[in-house]
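Read the structure below first, then the notes.
Note that the structure is predicted; figures quoted are calculated from it, not measured. Every chain is numbered from 1 and lettered A, B, ... according to where its sequence line falls, protein lines coming before strand lines.
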Amino acid sequence: MASSVSSQQDKVLVEANSFARIITLNRPKQLNALSFQMISQLLELFLVYEEDPNVKLVILKGKGRAFSVGGDVASLVRDMRADDWRVGANFFSQLYKFIYLIATYSKLQVSILNGIVMGGGAGVSVHGRFRVATENTSFAMPEAALGLFPDVAASYFLSRLPGFFGEYVGLTGSRLDGAEMLACGLATHFVPSAKLSMLEAALCDVDSSDPAIISTIIDQYSEQPSLKEHSVYNRLDVIDRCFSQRTVEEIISALEREYGHQSDSWIFATIQTLKKSSPTSLKLCLRSIREGRLQGVGQCLVREYRMVSHVMRGELSKDFFEGCRATLLDKDKNPNWEPSKLELIDDARVDCYFCKVEHEEWEDFKLPIRSKFELPPYAIAKL
Amino acid sequence: MDRASQRTQILANHLLQSSPPSPLSSNACLSYSPPELSENYAFDVKEMRRIIDGHNVEERDWLFGLMRQSKLFNPKEKGGKVFVSPDYNQSMEQQREMTWKRIEYLLERGVFKGWLTEKGEAVEMWKFAGFEVSSIYDHSLFTKLGVHFFLWGGAIKFLGSKHHHEKWLMDSENYLIKGCFAMTELGHGSNVRGVETVTTYDSNTGEFVINTPCESAQKYWIGGAANHATHTVVFSQLHINGTNQGVHAFIVQIRDADGNICPNVRIADCGHKIGLNGVDNGRIWFDNVRVPRENLLNSVADVSPDGKYLSSIENPDQRFAAFMAPLTVGRVNIACTAVYQSKVALAIAIRYALTRRAFSLKPNEPEVLLLDYPSHQRRLIPLVAKIYAMSFAANYLKMLYVKRTPQSNKTIHIVSSSFKATFTWNNMQILQECREACGGQGLKTENRVGHLKGEYDVQSTFEGDNNILMQQVSKALFAEYVAAQKRNKAFKGLGLEHMNKPCPVIPSQLTSSTLRCSQFLVDALCLRERDLLNRFIADVSKCKAEGESTQQAFLMCYQLAEDLGRAFSDRAIFQTFIEAEATLPAGSLKDVLGTLRSLYALICLEDVSYVRYGYLSVENGASVRREITKICSELRPHALALVTSFGIPDAFLSPIAFNWIEANSWSSD
């Protein structure tokens with residue numbers, strides 16, 4: 001029988017069910033935005049479950065219409081007084097610890113993405129073994145429009161999407177539906193939301209941690225959704241030609257050339273989106289994906305932590321604060337980016353984000369030690 | 001039975017047998033434990049990579065990424081990771097087509113933008129980086145690009161004049177024209193001055209007439225000629241009014257835009273090779289092919305419309321040397337590339353040695369990791385030191401080349417010859433050692449190390465046979481010596497300034513700290529070079545005194561010449577290491593480089609010449625070897641960090657470098 005237990009912190013609900021544990025993000029009004037406390041609690045739970053021989057499977061889902069919109073950036077910005085970047089750095093350090101644990105988890109994680117999945121929400125699901133999308137799923141990495149860049153080791157998973165689709169998703173913040181997530185590999189399964197409760201029940205009956213067995217069970221509830229007619233995933237050839245270019249400037253010129261050949265409104269909209277985003281963010285995002293493509297997940301996090309620490313310090317650019325102001329706080333949707341143009345940001349300036357932060361209290365992100373458990377091959381492959 | 005149910009049954013069997021374990025079944029299965037989780041990095045590997053790659057790191061990663069993400073580069077998933085490598089099981093024709101498709105793909109992405117039309121250090125360095133990265137994927141890709149950009153494009157740039165540049169470079173950069181380079185003949189390879197192709201001038205039509213007079217004059221090994229090239233640069237004797245003016249270079253179209261071979265040109269295939277089957281090497285015959293007068297690449301010599309020979313360089317030797325200019329950049333490129341193949345092989349061998357175990361020291365103990373055997377350390381870690389030394393030397397060579405002046409041409413020629421020969425020989429040695437260190441797994445093509453031997457063997461032959469290049473080095477040193485004596489002047493250039501100082505003395509007893517002192521190591525390497533140069537001079541003089549010609553004397557003193565060439569290379573490479581080390585701030589990175597620097601020099605001191613000529617006593621020779629083993633065990637904890645710093649992405653290594661158990665599991669086949 002399932003035993004249902006609410007933790008003291010009701011923003012993360014836990015249900016123990018024979019060999020499965022169901023964790024529900026329970027902050028529906030904020031679309032399950034992850035606060036520092038929630039992240040710490042999740043981290044704690046995952047660590048306990050890893051030690052517990054009675055746990056074979058962790059199911060992660062969200063209450064309400066979102067799985068999670070990611071880190072609770074709005075309150076983070078409020079909490080960070082003008083000069084205190086440490087609060088921000090601390091937040092990301094805790095989040096990245098959790099991401100690394102997920103990416104190298106010795107047990108199986110099934111994330112049920114029945115709603116909005118953004119930024120950190122993608123981070124706490126995509127690195128896990130199974131990601132179940134539904135007809136309600138809406139995925140995006142919108143950080144570049146916010147003056148940030150896709151972090152949570154997104155540089156690892158975006159860079160490994162087919163061709164240069166990852167660059168497209170990361171730079172434009174374009175939304176993907178469940179079918180598109182499955183097609184590009186961000187999701188491992190597509191299950192109609194009507195069948196989710198049956199799927200959960202079936203997973204709770206299993207006493208195996210063999211991914212092949214779990215996959216077969218999810219398969220029983222899965223469908224092969226078809227891509228909608230105007231899906232971006234049908235535009236891979238254009239995306240590959242343009243988003244494989246070396247620099248953001250060249251990507252935009254390639255899109256403009258492409259628009260010259262075929263006056264396609266999707267290409268036009270893509271160009272407009274890029275032109276509206278923070279130029280600094282675009283450059284950081286592109287470089288991050290390009291480096292991440294050749295790095296393990298741990299090295300991606302170490303690098304992203306350097307980058308995000310620089311962003312929090314705001315010495316190189318204050319676009320993150322400006323983006324949050326314009327999008328989340330004042331909501332005037334009219335950010336004033338500085339530097340305002342791509343041409344004003346040279347390679348040397350971008351390089352700075354990839355260097356250590358020169359501050360006595362700052363240190364590189366230390367990857368948690370993961371040699372205690374025997375890692376499954378799919379986790380080893382990410383190192 | 002399908003795999004899933006078979007697997008379920010195996011699992012079920014395991015569970016059913018879970019009764020008390022019998023003593024016979026107590027052995028646990030081997031499991032792969034990733035070195036990333038057990039080995040620590042004591043220094044910043046990204047910073048180290050930046051230092052040894054030296055330039056264009058971001059562009060390199062872009063190019064790696066372009067190849068990693070394209071189906072054309074044949075990605076294969078093994079053990080949960082993606083690896084890209086050509087399918088060498090394809091037929092020669094298929095491999096050639098794939099090489100060409102890969103070039104087209106990179107062309108469309110703008111990789112070659114500016115490679116022929118832009119000038120300056122920045123684009124030249126990026127070009128070198130681009131070649132290094134493409135070679136890490138596949139030597140055929142590298143070679144086909146090298147022929148087009150460095151040989152064909154280089155010939156037009158260096159040997160042509162303004163109108164040639166305007167007419168050919170942009171179209172070549174965009175591959176509207178596909179070039180090749182017809183120098184070598186069946187009968188003449190290294191001795192280019194002996195080629196038998198003959199060109200005459202017909203002043204009635206204003207055309208050159210190019211002819212292959214005999215079978216030994218057929219152009220041979222011409223990369224690109226068999227399938228794809230539309231144009232070639234032909235090296236031919238130029239006969240004007242009955243006088244042979246020596247070797248000159250002409251542009252000849254060999255195929256039309258549709259790929260049909262032009263009239264009076266015959267082309268045949270060189271056939272299957274031990275490697276580089278993705279390059280269409282061909283043989284060309286010219287049957288009195290007529291080309292316009294403008295097709296003579298005329299930067300050093302020209303023929304007027306009425307058929308007069310005009311040259312700005314009177315001396316035929318110098319004129320010939322000028323024609324060899326395109327080969328110099330090729331040599332620089334080959335030398336640098338060889339270092340990267342060594343990096344690929346060694347990163348694979350070291351990673352494998354950090355995960356593969358063999359034999360227990362005591363019964364019931366776990367087996368020992370290969371790299372924890374001192375003998376295995378001794379095989380691989382000195383090669384790591386060699387690669388670091390060669391990396392610095394390669395960066396020095398590239399800088400020397402891109403900052404070239406008319407005065408530095410001689411130095412570039414000597415240093416590039418010496419480094420090209422040394423690096424490519426080292427590469428073959430390293431590949432062989434790594435292949436053996438990977439045992440049977442080294443023999444699988446997918447694991448790369450063994451296969452690379454066939455692919456890279458050619459490096460000791462093309463763009464100058466290694467032995468001949470090294471003879472040129474010793475001859476040049478001889479000439480320096482004679483010139484200094486004649487003019488009673490100090491040595492200047494080629495790093496020979498140490499000859500002006502008193503001869504260094506090796507201490508009679510070498511302690512550990514002396515053996516790691518860079519001054520001592522420099523002294524020891526200079527001492528050998530100096531002494532061998534003196535001996536070479538003495539022996540050549542003796543031969544001449546006995547009535548031999550200078551040429552004959554050189555030939556007879558070949559043993560000393562070879563030892564001297566090696567002594568020069570080792571010392572010159574070491575100097576670049578010391579210089580690179582000196583630019584770094586104190587810290588963990590500099591410390592580990594200091595240890596590698598000592599190890600590199602000590603393996604040079606282990607060379608038989610040190611005992612043969614008595615620079616080291618037998619006891620000191622033994623001290624050197626002892627110190628090498630000590631340093632190897634000191635560097636053992638850094639092994640993973642040192643090869644990670646090579647910056648070769650995982651996808652360009654091979655399955656045995658990672659989870660080789662999973663890669664070979666039943667379910668991943």
Can you say whether A:Ser159 sits under 4.5 Å from chain B via the side chain, the backbone, both, or neither, judging by heavy atoms?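 Interface part for A:Ser159: backbone (N, CA, C, O).
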Under 4.5 Å heavy-atom distance to chain B, tell me which part of A:Asp347 shows up: side chain, backbone, both or neither.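 Side chain only.
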At their closest point, which heavy atom of A:Ala381 faces which heavy atom of B:Gly79, and how far apart are they?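 What the structure gives for the nearest pair is CB-O, 3.7 Å.
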Exercise: identify the closest heavy-atom pair between A:Gln245 and B:Trp62: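 Heavy-atom minimum between the residues: C-NE1, 3.7 Å.
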Measure distances from [X] to the heavy atoms of chain A and classify the residue's part below 4.5 Å as side chain, backbone, both or neither.
X        : answer
B:Tyr32  : both
B:Ser70  : neither
B:Arg109 : both
B:Glu108 : backbone
B:Asn659 : side chain

Exceeds 12 heavy-atom contacts within 6.0 angstrom, atom CD of A:Glu343: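 Yes - once you tally the heavy atoms of other residues, nucleotides and ligands closer than 6.0 Å, there are more than 12.
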If you round to the nearest 0.5 Å, how far is [atom2] of [Y] from [atom1] of [X]?
X        : Y        : atom1 : atom2 : answer
A:Thr104 : B:Glu36  : OG1   : CD    : 12.0 Å
A:Asp240 : B:Tyr105 : CG    : OH    : 6.5 Å
A:Glu291 : B:Phe64  : CD    : CZ    : 13.0 Å
A:Ile369 : B:Asn40  : CD1   : CG    : 8.0 Å
B:Asp61  : A:Arg246 : CG    : CZ    : 11.5 Å
B:Phe658 : A:Ile380 : CZ    : CD1   : 12.5 Å

Beyond-backbone contact of A:Glu250 with B:Lys113, side-chain heavy atoms, under 4.5 angstrom: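 Yes; the side chains approach each other to less than 4.5 Å.
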For residues B:Arg68 and A:Arg160, determine if any side-chain heavy atom of one lies less than 4.5 Å from a side-chain heavy atom of the other.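 In contact.
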Using distance only, find each side-chain donor-acceptor pair of residues 371-378 of chain A under 3.5 Å and give its atom names and separation, not counting sequence neighbours.
unit_1: A:Lys372; atom_1: NZ; unit_2: A:Glu51; atom_2: OE1; d: 3.4
unit_1: A:Lys372; atom_1: NZ; unit_2: A:Glu51; atom_2: OE2; d: 2.5

Answer yes when A:Arg287 and B:Glu58 have at least one side-chain N-carboxylate O distance shorter than 4.0 Å, and no when they do not.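 Counted as a salt bridge, because a side-chain N and a carboxylate O are separated by less than 4.0 Å.
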Please output the residues of residues 44-53 of chain B in contact with chain A, using a heavy-atom cutoff of under 4.5 Å, in numerical order.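 Those residues of residues 44-53 of chain B which have a heavy atom under 4.5 Å from chain A are B:Asp44, B:Lys46.
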